[in-house]
Every structure is written in C-alpha cells, then in structure tokens.
Amino acid sequence: MSVASTSAAAKGRTLVWFRKALRVHDNPALSRGTLHATACQPVFVLDPWFCQPSRVGANRMRFLLQSLRDLDAQLRARGSSLLVLHGEPRVVLPRACKKWRVDSVTWEHDIEPYAKIRDAAVRGALERAGVECHAASGHTLYDVDEMLEKCKGAPPTTYQGFFKIVDKMGAPNAPIDAMEKMPGSFASSDEETKALVQGVADAYGIPTLEDLGYEPLGDDEGFPGVGGETEGLRRLRLMLARKEWIGQFEKPSTNPTTRFHGLSQSGKTKPKSPFEIAAGRSKDGDASTSGAEALMIPSTTALSPYMKFGCVSPRVFYHELTAVYKELEGKHSKPPTSLMGQLMWREFYYLVAAGTKNFDKMEGNAICRQIPWKKDRELFAAWENAQTGFPWIDAAMTQLRREGWLHHLARHAVACFLTRGDLFIHWEWGRDAFDRDLVDADWALNNGNWMWLSCSAFFYQYFRVYSPIAFAKKYDKDGQYVRHYLPVLKNMPSKYVYEPWLAPLDVQKKAGCVVGVDYPAPIVDHSAASKRCVDDIATAYAAHKDANAVAGKKRKASD
DNA sequence: AGTATCGTTGGGGCC
DNA sequence: GGGCCCCAACGATAC
C-alpha cells in the first residue's frame, strides 16, 4: 500500500497523531490533517511500551520531552496546541476520537515492527468506529513503498545499487512550508480533556522525566543539545553557513575522539552546536583549529538526534544542502563520503529495512550471515558497563552511557570489539544496548549498522579488525578523550594510556591507577582474540557457501 | 562462465 | 607524517 503525497486532504474534524516528525515544517501528515479541516487536534501518545528506562534510556526520553515542548510551542504560535495522552494508542486514540466526534486521523508512515503492529491495531479500531485513517510518508526523502516498487522484488544490498533506485526516483519532493495559522483544536477545555484521559492514565500534559519514573539526569549527562524543531533547524542552518566545510566533508576522515566540551543543559551556558564551538575556538571564525583544542569540537554535524525524531525534515536538509553545492559550482565531495552521502546512507538503510523480512534478527533474515555468536552475559556486561580494560573502548562506552551519543567511528570501534573483533558476542545484544542508550537510535539505521560492523550483511571483510589500542591513538596520541571519560587514567603517561597494563607497576602507582585494582585488566588478549574471531567467521562463511552450493544443486536437479 | 575490479572509514612495516 | 605495500582474502558486480 502506497500513500502518495498528493492524496486528498482529510476533511471535517481531524486528529493529527504525532510520533516522529516532531515539527510543523514540511510535515505531510500534519498538512493532510489540517489543510481542509474545520477543526484539528494535534496529539502525541506516551505509550507505556516505550516509557521504560530499559527500552528508552533517560537521555533519549529527555530529548523527546524537550522536542514535545518545542512542538507544543510551535503549535501554540499558530493558534493550536499539542495534547499529550498517556496509554496504549489502540485504546486512547479511539476513545479520544469518539469523545470529540473525529472524522479522520492522519499520521506519518512508520516501517518499524512495533509501529506496524501498533498502527494496524489503531487503524482497525478507528475504521470499525467509522473514522478515516491516512498515513503519509515523511520520515525519509522518498516514500519507501514507492522505492520498493522500483526494486522488483528485492531491495539492493549495496550502496551503489541503491543509487540506481535513487536515479529512478528523481529529486525528492520540495519541502512544505509550515502553515501560519492552524485550525482550532477541540481539546481546549482542560476539564473536558482531563475527564477523557482519566481512567486511561494518571497524568495529562507533557511530563518530566521524573513523572515517568526516570532518575533525574546529572549536569554532565545527556546529549549536549536541546531537543526540538527550533534548535534542530537552528543547528542545520549554522552548518549550512559553513560552505567550505560542507564542500570538503569526507566522513571517513572525521575524528572519532572529538567530543562536546564542557556543555551541560542545567548549567548557565546553553549547549552549543558543534559549529558555534568551532567558531568560538578559532580567532578567524572558521573551524581550522588544531592540536588539543581541535579534539573539543565534534568533527561531524551531530544532527542525528534531530533527524531521528524528525525535528528536521530530511527533504529540507537535502534541498538546502543541494543549494549550497550549487553555490560551490560542483567543487564538493561526493557520496558515499560526502554530507549528502550521509543522508543517502540513512535512506539506503530505510529501503533495505522496509524490504527485508526479520531485518532486526539474525535468524530468518535472508541478508544476514548465520554466525554462531556467543551469548556470554559476563563479557557482555563488561562491554556494556565500560569494564573491558581497554581504555578507548571503555571511554567510548562511558560517553555512550553518559551522553547518548558517539561519533560514528567510535560506534564502529565498540561494535567491532563486541562482535567480530574480540568478544564474538551476538550483534543483537549490542544492537539492543545502542537502541536503549543512543539519543539518535533509529531502528533501520541501528540494525543495518550492527549487521555491517559484525560482517553479517553489506560488509564482509572480516579480516579488517579495528584495534582497541591503535585505532584511537592515530587521532589522539595523548589520550585526551580517554582521560576525559576515564579520570582514573588522568595521570597515566601517554605511552601507556591506551594499554595501562603494560606500564611498570611503579608507573601505575605513581599515576594512581593500578591495573586490576583501580582499573580492570584487559578481559581478552586482543591479538589472540581477534585471530580466533577471524577464523570463526571464516568457518561460518564457508558453511554458508557449502549450504548455498547444496541448495544450488537441488535447484538444478528439480529443474 | 570465469575473471577482474571494487567496496565510505584496518593494521603494521617500510621508505 | 604521509604514501605505499602487504597481510590473506570477503561478496557483489561488471564484463
């Protein structure tokens, strides 16, 4: 089923159900729900399925709540407002529609497994009650169903193959401007609304983290940026103003040991975008700082959380970036490494995810290599809790747990270490940890990247293993990143900061960090462990080849 | 059909 | 410090 963006707008009394796309600009579901409506109620449903720290970590939940507050402000500026309901969507939405005699409901199409089940249940309940339902594509540049139609059965498994589909699709739709005035909402009476939500949940409005049962976050915790459309667009435009930087952007040469510097949300200073930090640290206002200071400027855009929640439209990103490229007269980097290339990776994973059964599992997933991963709770806990004894890995895991964000290559390093590089633990376990802790966790991208890194799909050069010692050293010789996240290593000489177990005992003592006492000894011998991993994957690949050969013979015999 | 080439992001040694 | 090659060798694709 494909829903073209040109489909008729919903009429009468409408309800716009926000999930992602937490924005008023370029929001097809919002446009369809408001264009011909006599009255419209924007709604977000806090679903108990998501509202638990084991599924959505505090950092992402806070970013979501901030984004909802901003969305409410945007709607209020247009004569409307956001109603936040608590409960299961298939229960609370039909109840709300009945109470307010809603004619139709619009929402943004979502390919995630839970969303598909949820949306089908909501649609069933609403349609039985005579309420029309409209799903519009909006989270991706293109309608994934339209792309799948062009794939003739199987989506491409290579990035280059994906571009053949992109060529067939043409340019993505131009963004839709935010409307200046929205139809009036009908949940305006607080008493009436409270009566509605009573019996469904015990709260109304946008709650705080604590309301939802989360522990409050400390000053140095969380993504260093406020959630929401306003801040997302502001950061996007700060980036777009750096035309030279955009033209030169090459993802593989960005630096995974860069970090946000000293930015807290509760402090006096407002968190800044990477581009403001860069400007503030160089006299001439460009990003050409070097040495120690350069490590305190994230080398990528850090827009991913805003993309995950749809605070920023991918089509706005695409078209405004295209305009900058035009100004650069073709003198700019190209996919896959360019900035546009990054946006296209996102699109690629969405297409493959939408067209692959069991995309988020190893078993029953046709594109995923079957590998006998270990399920070792103890090793996994060491990885997850930053206790591997490898400072670079533990520092990155600390940043992940504390801030909910990691540079892409740091994600590579820890994912490789957990799976095919050292511990040989199932990628689904690592996927779950990222899915919980990352502020930008996006189902299609997260699963795709874990399969990539574990050599389960897309990428198969398993003998190329990231070293938990050498890799970060290339970027950050003195280990400043490691010292920041693991203060126990603050005084370790640079020579040993990536492998403190090699330091003579008197050096360890002098640094105040005795391995095995103050900081864990390495849980594996990297050299031996990685060799074993390579052998084990080679064996699994060979078994796959044999199985395919047998299957091929059978096919031939039956012809 | 068989072969060459390529693939966003490896490490280590050498010059 | 950057460029080059080798390590041992993957799958998908183009020809």
Side-chain angles (χ1 to χ4, degrees), chain A residues 151-152 154-166 248-258 290-291 294 298-301 304 332-349 352 366-371 390 392-393 396 406-417 419-422 445 448-478 498-499 525-549 552 556:
Chain A
C151 293
K152 290 176 187 156
T157 54
T158 66
Y159 192 65
Q160 288 184 349
F162 164 71
F163 266 84
K164 289 179 188 164
I165 308 298
V166 170
Q248 291 171 355
F249 187 90
E250 296 272 0
K251 187 62 171 280
S253 55
T254 58
N255 185 337
T257 65
T258 53
S290 58
S299 59
T300 52
T301 70
S304 52
H332 57 82
S333 51
K334 303 271 160 37
T337 57
S338 66
L339 215 43
M340 186 64 88
Q342 307 314 300
L343 194 60
M344 288 299 182
W345 277 107
R346 177 178 183 273
E347 200 76 7
F348 168 63
Y349 281 131
V352 185
I367 67 165
C368 184
R369 284 284 182 283
Q370 304 299 301
I371 294 168
F390 291 93
W392 156 240
I393 300 298
L406 280 179
H407 184 282
H408 189 59
L409 290 178
R411 300 181 196 204
H412 276 217
V414 299
C416 181
F417 184 86
T419 58
R420 68 180 169 87
D422 289 86
L445 282 60
N449 277 311
W450 273 97
M451 281 190 270
W452 181 295
L453 258 301
S454 61
C455 285
S456 297
F458 310 114
F459 175 83
Y460 305 95
Q461 289 168 275
Y462 54 81
F463 35 86
R464 291 189 181 173
V465 177
Y466 289 92
S467 163
I469 298 144
F471 183 67
K473 210 187 272 181
K474 275 192 303 199
Y475 302 94
D476 179 8
K477 199 167 169 294
D478 298 327
Y498 287 103
E499 35 197 345
D525 173 339
H526 168 65
S527 171
S530 62
K531 278 192 187 77
R532 234 198 113 176
C533 286
V534 165
D535 287 348
D536 288 351
I537 295 184
T539 306
Y541 274 20
H544 169 79
K545 229 181 207 171
D546 289 349
N548 276 1
K556 242 182 185 173

Trainee: In Å and rounded to the nearest 0.5 Å, what is the NE2 to OG distance from H407(A) to S304(A)?
Mentor: 11.0 Å

Trainee: Can you tell me if K334(A) has over 12 outside heavy atoms packed within less than 6.0 Å of its NZ?
Mentor: yes

Trainee: Tell me every residue that passes side chain to side chain donor-acceptor pair (under 3.5 Å) with E347(A), counting only those two or more places apart in sequence or in another chain.
Mentor: none

Trainee: Counting only heavy atoms and a strict 4.0 angstrom limit, can you tell me which residues of residues 332-343 of chain A come near DNA chain B?
Mentor: P336(A), T337(A), Q342(A)

Trainee: Could you tell me which residues satisfy ring-ring contact (aromatic ring centres under 6.0 Å, His included) with F249(A), sequence neighbours excluded, listed by chain and number?
Mentor: W245(A)

Trainee: Hey, can you pull the residues of residues 450-459 of chain A with a non-hydrogen atom under 4.0 angstrom from DNA chain B?
Mentor: W452(A)

Trainee: Side chains of D525(A) and S527(A): any donor to acceptor distance under 3.5 Å?
Mentor: no

Trainee: Please name the pair of heavy atoms, one in L406(A) and one in A396(A), separated by the smallest distance, quoted to 0.1 Å.
Mentor: CD2-O, 3.2 Å

Trainee: Just jot down the salt bridge (Lys or Arg N to Asp or Glu O under 4.0 Å) partners of R346(A), sequence neighbours excluded, or say none.
Mentor: none

Trainee: Which range-with-range stems can be found for DNA chain C when each stem has 3 or more Watson-Crick or G-U pairs in a row and both distances sit under 3.5 Å?
Mentor: B:2-7 with C:10-15, B:10-15 with C:2-7

Trainee: Which residues pass the salt bridge (Lys or Arg N to Asp or Glu O under 4.0 Å) test with K473(A), not counting sequence neighbours?
Mentor: E499(A)

Trainee: Using atom P of each nucleotide, how far apart are dA9(C) and dT13(C) to the nearest Å?
Mentor: 23 Å

Trainee: Work out which heavy atom in Y498(A) is nearest to a heavy atom in D476(A); give both atom names and the distance.
Mentor: OH-O, 2.6 Å

Trainee: Give a yes or no on whether K474(A) atom NZ has more than 12 heavy-atom contacts from other residues, nucleotides or ligands under 6.0 Å away.
Mentor: yes

Trainee: Measure across H408(A) and N449(A) and return the closest heavy-atom pair with its distance rounded to 0.1 Å.
Mentor: CE1-OD1, 3.8 Å

Trainee: Reading DNA chain B in the 5' to 3' direction, which nucleotide is the first one with an atom under 4.0 Å from a heavy atom of chain A, and which is the last?
Mentor: dG7(B) to dG12(B)

Trainee: Tell me which residues in residues 527-534 of chain A put a heavy atom below 4.0 Å from DNA chain B, sorted by number, or none.
Mentor: none

Trainee: Where is the tightest heavy-atom contact between Y475(A) and T254(A), given as atom of each residue plus distance?
Mentor: CE2-O, 3.8 Å

Trainee: Checking ring-ring contact (aromatic ring centres under 6.0 Å, His included) between W452(A) and each of Y460(A), Y159(A), W345(A), which is the one that passes?
Mentor: W345(A)

Trainee: Determine yes or no for a side-chain-to-main-chain donor-acceptor pair under 3.5 angstrom, with Q342(A) supplying the side chain and T337(A) the backbone.
Mentor: yes

Trainee: Under 3.5 Å, sequence neighbours excluded: what are the donor-acceptor pairs made by side chains of residues 463-471 of chain A?
Mentor:
from    : atom 1 : to      : atom 2 : distance (Å)
Y466(A) : OH     : H412(A) : ND1    : 2.9
S467(A) : OG     : I469(A) : N      : 3.0
S467(A) : OG     : A470(A) : N      : 2.9

Trainee: Taking only the C1' atom of each, what is the distance from dA1(B) to dA14(C) in whole angstrom?
Mentor: 13 Å

Trainee: Sequence neighbours left out, cut at 3.5 Å: what donor-acceptor pairs do the side chains of residues 533-540 of chain A make with other protein atoms?
Mentor:
from    : atom 1 : to      : atom 2 : distance (Å)
T539(A) : OG1    : D535(A) : O      : 2.9

Trainee: Give every pair of a protein N or O atom and an N or O atom of nucleotides 7-14 of chain C that lie under 3.5 Å apart, one pair per line with the distance.
Mentor:
from    : atom 1 : to      : atom 2 : distance (Å)
dA14(C) : OP1    : K164(A) : NZ     : 2.6

Trainee: What pair of heavy atoms forms the shortest contact from I367(A) to A457(A), and how long is it?
Mentor: O-CB, 3.2 Å

Trainee: Working to the nearest 0.5 angstrom, can you tell me the gap between C416(A) SG and I393(A) CD1?
Mentor: 8.5 Å

Trainee: Taking only the P atom of each, what is the distance from dC14(B) to dA8(C) in whole angstrom?
Mentor: 16 Å

